Amino acid sequence: MVDKAIENITNGEEAETEEAHAYTPGLKVKRTMTVDKTRRLPIMGEVFLKVGDKIEYNEIVARTEISGDPHIIKMGMILGLEPEDVPRYMTKQLGETVEKGELIGYYSALFGLIKKRVESPVDGTIESISDITGQVIIRGVPIPVEVDAYIPGTVVEVMPREGAVIETSAAFIQGIFGIGGEVHGPLHVIAKNNTEILDADMITADHKGSVLIGGSQVTLDALRKAADIGVSAIVSGGVRHDDLTTFTGEEIGVAITGTEEVGLTIIITEGFGKMSMSQRTFDLLKEFEGKQAAVNGATQIRAGVLRPEIIIPHEIQEDEESEALSSGMIAGTPIRIIRQPYFGAIGKVHSLPVELQRLESESMVRVVNIELDGGEVVMVPRANVEIIEE
Amino acid sequence: MATLKKSTEEMQYIIATDVGSTTTKARLFHLKDGEWRFLVAGEAPTTVEAPYEDVTMGVQNAVREVEELTGHKLLAPDGSGLILPYDGEKGVDLYVTTSSAGGGLQMMVSGLIKSMTAASANRAALGAGAIVMDVIARDDGRQVYQKIRMIRSLRPDMILMAGGTDGGASSHVMEIAELIKAAEPKPRLGVAYQLPIVYAGNKTLRPQIEELLKEGFALDMVDNIRPVLEQENTEPARRAVHELFMEHVMSHAPGYTRLMKWTDVDIMPTPAGEGMAMQLISNSYKMNVLGVGLGGATTNVYSIVDGRFVRSVSANLGMSYSVTNVMKEAGIENIMRWIPFNLDKEEVASRLMNKMIRPTTIPQTLEDLIVEHSVAREALRLGLQHHRTIATRLKGVQLERTISDMFEQAVEDSYVKMMDIAICAGTGGLLSHAPRRVQSMFILTDAWQPEGITRMYQDSVFMMPHIGVLSTVYREAAWNIFDKDCLVRMGTNIAATGNGKFGDPCMTIEMTMPDGKIVKEEMTFGEIKLMKLGPDEEAKVHITPEKEFDVGAGPGKEREATVAGGVAGVMIDARGRPIYLPEEETARKELLLKWFKSLELYNENKLEALI
């Protein structure tokens, strides 16, 4: 396969691009960085914090109430009235609060022989009485919404009535795809190495509430057992597509996730199938064994992309790793190949030929020649690599 | 709109880009020997993802590729955009762009009756380039609380509200307006701005609608979409939607406001540019056209049948972001039926999932390419299926119909019938980048199953949107480039409808070649062949189908025609309609392989190695 994919490696004398952009930005794997999390209400509300406050995982940042569900009652039709007559027969008026079962409309005719009454189906407030449609709308009681801190840290900014920005120093690791929302718990690396498969027998009752780290794959049995025990999250290099869809109960159509309620949060760091977790990611997670970690599986691979994340707050004093954007690939840039036939292979940029090259598929594309860790030089479309941010 | 830096007569270099959801594509055009031609293409990933979050970076990267390939300096050194105008050495005279970044326009529409005003509102929204998330109507089969729950869960960019003829139904229209207000829909792009609502219903209700919706919404009122029952007037609503799209949605794509300053004319939504190019084909050849833009996130299908232009968008059918949704909707078995070698189901699913999570990667191996081509067939098939649910009746800016038509409309089948389609045209990364042109011709043929005699066209290097937007400024240049460099004539498909027994006679074709030589092909059922006929050549054909088969003149009836050649040639398709694929695994794979080899679809040795 390797030989077949290489048809035309340039001889090095042809023109080369000095620097080329990478199509897929590398995922962040940082030992220390300042993590800012904006915690915002969906609508305006009350913020309980001020700049400088220290905050813990579950503490409430802000609270609001969203309006309750509306209930539409076809009052005119039920009472047998023209829409314009409805307001006159209401026993409760606009803005009044009502209780479930309370009389809100009453019509009587023929000296009381015909009586029609309408009771409120819910607790709420009369929001609208329409003389055009004869409809009455009762707004249900407001639904409280709270936003918690998600990560412990210091409040560095308050958006009045909206929320706050929490800042902490932490290790920060992005995955490629996730399921499930925000959780936190102590981190336990239960795979011996980055290639081991995380199976059910490796999970014990003691892991309840934990963030478990696997190696190359997590099995369906492991996912089920983890959910049963109450594990907070599982992080793995890969997962079989069939296992994940069986576990979640539905096929994944487009990658907009985070709201699933499947009993635990799942993050894969490399891709689908059996895929060894990158050594760097695995080693970093291992370094923080036993520490508390905040994990979010929410993924959105569309405009305004969102990748799943593992945040491990710590107070290790060290220089923050450079946040400079990798401006592109140059000879020597470390990269990972992200598609067949070399999926997962790691190497460094050997050369960047300007001319289009022919692939095994016969497509003519711009390529990058990569020196793999073993020393072999292979040709790969520039679109099929990601820069390893170091 | 900014003023042009030079008059069109003085222009020598033009650059156009399309900021797609996956890739930003730059195309450089040049006036050479008095003729506008396409010069070179440059591409780069669209930079909406963190850490970049600025579409102009992708534009600069794509343009930089053009610079590298031509040596022609185009970008201002200070990063302020393009060098405009061309000064004899560097720069271009015009920069135009289309864009589909930012997730497109997501709308909710409502009307009184599902098959009448709601259907008109749906078509108007689609015509404006929107993805329609939900259609609310009085008779949509849902309870009021279900509709409310749906509206509360959706986060549209905009709502188009129709309902009632002018002076007609009023209280029922108001009921729906009250329902929408009560549900308090929230805009997708944050609570900071008011959700735009376009009201295009009964005009006598405007005061009441204004009273009800003026607070909490950005209300715009336009002419009724159905002023009287017999007339559909989608244009004012479509225009209003388009304006609000530019104002509210596109400007939220990262870096977009900067890009707006770089361009010489308004940025056009990619589907609108593509649609203009499709109409250009139909207008030039005076033929019915069925076209498709098979993108990374969405599939747009366009039909121009007897002058009626209809667009449909399948929001979640695409070849990168939405590739797993194709798998979900079509079923993995339907994808795998097009693969002629053994590949584990889990392996195919994993590859597609991996494509979805890293959408900008491309197939390097033949095996991977064939898997993607299989997905494309299913995306195209589902896209057309969806299109037929939209293109169900006459549509026009001001379309007159009789009352009797109205009562038939609910049960009327789509008027998009393959036997009436004379040209199929495709664009989008996968089709335009197919290593062999015959591959995209065959993919379109398998997916859409053209009938009778159909010309097959495609975009050369994906520039239909570019041509579309350019045509709004400089029509002559746009047409010249379109005709000479964009529209690839792949050839003609001759297909018989009907089914028979494998190996039995299907049709006989006598083709009088340009040199006068007569070539005769006797096709048996289940076969497909390619006859060479160049892009500028034509041949006379005499087709004699067997009595169970029809090539456009009726079952068993002979047909004579002139067919156009192309880069692939004339594809004679005796595989029946619908295409016959054996249930049995080995037989199916053998048959696929036979077709692939007969058409020289892929490198035969490499294909054999995969079997």
Side-chain angles (χ1 to χ4, degrees), chain A residues 1 4-5 17 21-25 42-44 67 69-72 83 127-128 130 132-135 137 139 176-177 238 240-242 245 251-255 271-273 299 301-307 325 338-341 343 354 359-366 380-381 383-384 386, chain B residues 21 44-45 48-52 61 65 68-69 101-103 144-145 148-149 152 170-171 174-175 178-179 182-184 186 191 208 253-254 297 316 321-322 324-325 327-329 346-347 349-351 353-354 356-369 433 435-436 603 606 609:
Chain A
M1 185 63 82
K4 280 199 292 178
T17 313
H21 46 264
Y23 277 64
T24 308
I43 55 169
M44 297 288 183
S67 60
D69 289 331
H71 297 264
I72 297 179
E127 182 174 279
S128 147
S130 172
I132 299 169
T133 61
Q135 292 190 139
I137 297 171
R139 178 68 61 181
I176 191 79
F177 182 78
R240 290 178 78 244
H241 164 263
D242 194 37
T245 51
E251 288 265 347
I252 295 149
V254 285
F272 284 84
T299 309
I301 308 171
R302 283 277 169 121
V305 77
L306 189 69
R307 295 283 183 188
L325 293 182
I338 51 173
R339 188 141 180 178
Q340 281 78 10
F343 202 154
V354 169
L359 306 176
E360 183 205 304
S361 64
E362 298 183 337
S363 292
M364 296 292 290
V365 297
R366 302 196 100 193
V380 173
N384 292 2
E386 66 185 17
Chain B
S21 57
V48 281
E49 280 211 27
Y52 309 110
N61 289 337
E65 274 212 3
E68 276 185 19
L69 293 166
V144 169
Y145 78 90
I148 287 174
R149 196 177 293 162
R152 296 197 100 182
S170 57
S171 68
M174 289 306 294
E175 272 178 20
E178 285 175 5
L179 181 144
E184 299 177 326
K186 298 279 184 290
V191 288
Q208 290 95 319
N316 288 326
Y321 293 97
S322 311
T324 45
N325 203 57
M327 172 165 75
K328 183 179 172 181
E329 290 197 10
E346 173 64 25
E347 173 66 23
S350 286
R351 284 191 196 191
M353 293 300 281
N354 284 323
M356 181 263 289
I357 57 179
R358 291 183 170 105
T360 53
T361 61
I362 58 172
Q364 177 166 3
T365 63
L366 180 62
E367 189 181 76
D368 240 7
L369 183 77
H433 292 315
R436 297 185 184 190
N603 180 304
K606 286 175 182 162

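Predicted, not measured: the structure shown is a model, and the values here were computed from it. Below, read A as the first sequence line, B as the second, and so on, with proteins coming before strands; counting in each chain starts at 1.
Only the side chain of A:Val365 comes within less than 4.5 Å of a heavy atom in chain B; its backbone stays farther off. Residue A:Ile252 touches chain B through both its backbone and its side chain, counting heavy-atom pairs closer than 4.5 Å. Contact of A:Ser67 with chain B is made through backbone and side chain together, with heavy-atom distances under 4.5 Å. If you measure heavy-atom distances from A:Ile132 to chain B, the contacts under 4.5 Å come from both the backbone and the side chain. Proximity to chain A (any heavy atom under 4.5 Å) is shown, for B:Glu329, by neither the backbone nor the side chain. B:Leu366 touches chain A through backbone and side chain together, each having a heavy atom under 4.5 Å away.
B:Thr360 OG1 to A:Ile338 CD1: the interatomic distance, rounded to the nearest 0.5 Å, is 6.0 Å. A distance of 5.5 Å separates CE in B:Met356 from CD1 in A:Ile301, rounded to the nearest 0.5 Å. To the nearest 0.5 Å, the span separating CZ on A:Phe343 from OG1 on B:Thr361 amounts to 8.0 Å. If you take CZ on B:Arg149 and CG on A:Asp69, they are separated by 7.5 Å, rounding to the nearest 0.5 Å. Atom-to-atom distance recorded for A:Phe272:CZ and B:Glu346:CD is 9.5 Å, nearest 0.5 angstrom. The structure places CE of B:Met353 at 11.0 Å from CG of A:Asp242, a figure rounded to the nearest 0.5 Å.
With hydrogens and angles disregarded, no donor-acceptor distance shorter than 3.5 Å links the side chain of A:Gln340 to the backbone of B:Gln364. Checking side-chain atoms of B:Glu175 against main-chain N and O of A:Gln135 turns up no donor-acceptor pair under 3.5 Å. Without hydrogens or angle criteria, A:Ser361 side chain to B:Thr365 main chain gives no donor-acceptor distance under 3.5 Å.
Proximity of A:Pro70 to B:Ile148: side-chain heavy atoms (C-beta onward) are separated by under 4.5 Å at one or more points.
The two atoms that bring A:His241 and B:Ala349 nearest to each other are ND1-CB, 3.2 Å, heavy atoms only. Nearest heavy-atom pair across A:Ile137 and B:Ala182 is CD1-CB, 3.9 Å. Across every non-hydrogen atom of A:Pro381 and B:Ile362, the tightest pair is CB-CD1, 3.6 Å.
Here A:Arg240 is the residue among A:Glu251, A:Arg240, A:His71, A:Met364 with the most heavy-atom pairs under 4.5 Å with chain B. Heavy-atom pairs under 4.5 Å with chain A were tallied for B:Asn325, B:Thr324, B:Asn354, B:Leu69; the largest tally goes to B:Asn354. Contacts with chain B were tallied for A:Thr245, A:Ile72, A:Thr299; A:Ile72 has the most, counting heavy-atom pairs under 4.5 Å. Comparing B:Ala183, B:Pro363, B:Ser170 by heavy-atom pairs within less than 4.5 Å of chain A, the highest count is held by B:Pro363.
Taking B:Glu184 as the reference, A:Arg139, B:Arg152 meet the salt bridge (charged side-chain N to carboxylate O under 4.0 Å, His left out) condition, with sequence neighbours excluded. Considering only residues two or more places apart in sequence or on other chains, B:Asp368 meets the salt bridge (charged side-chain N to carboxylate O under 4.0 Å, His left out) condition with A:Arg339, B:Arg351.
No hydrogens or angles considered: a donor-acceptor pair under 3.5 Å links the side chains of A:Ser130 and B:Glu178.
The residues A:Glu362 and B:Arg436 are annotated as salt-bridged, a charged nitrogen and a carboxylate oxygen being separated by less than 4.0 angstrom.
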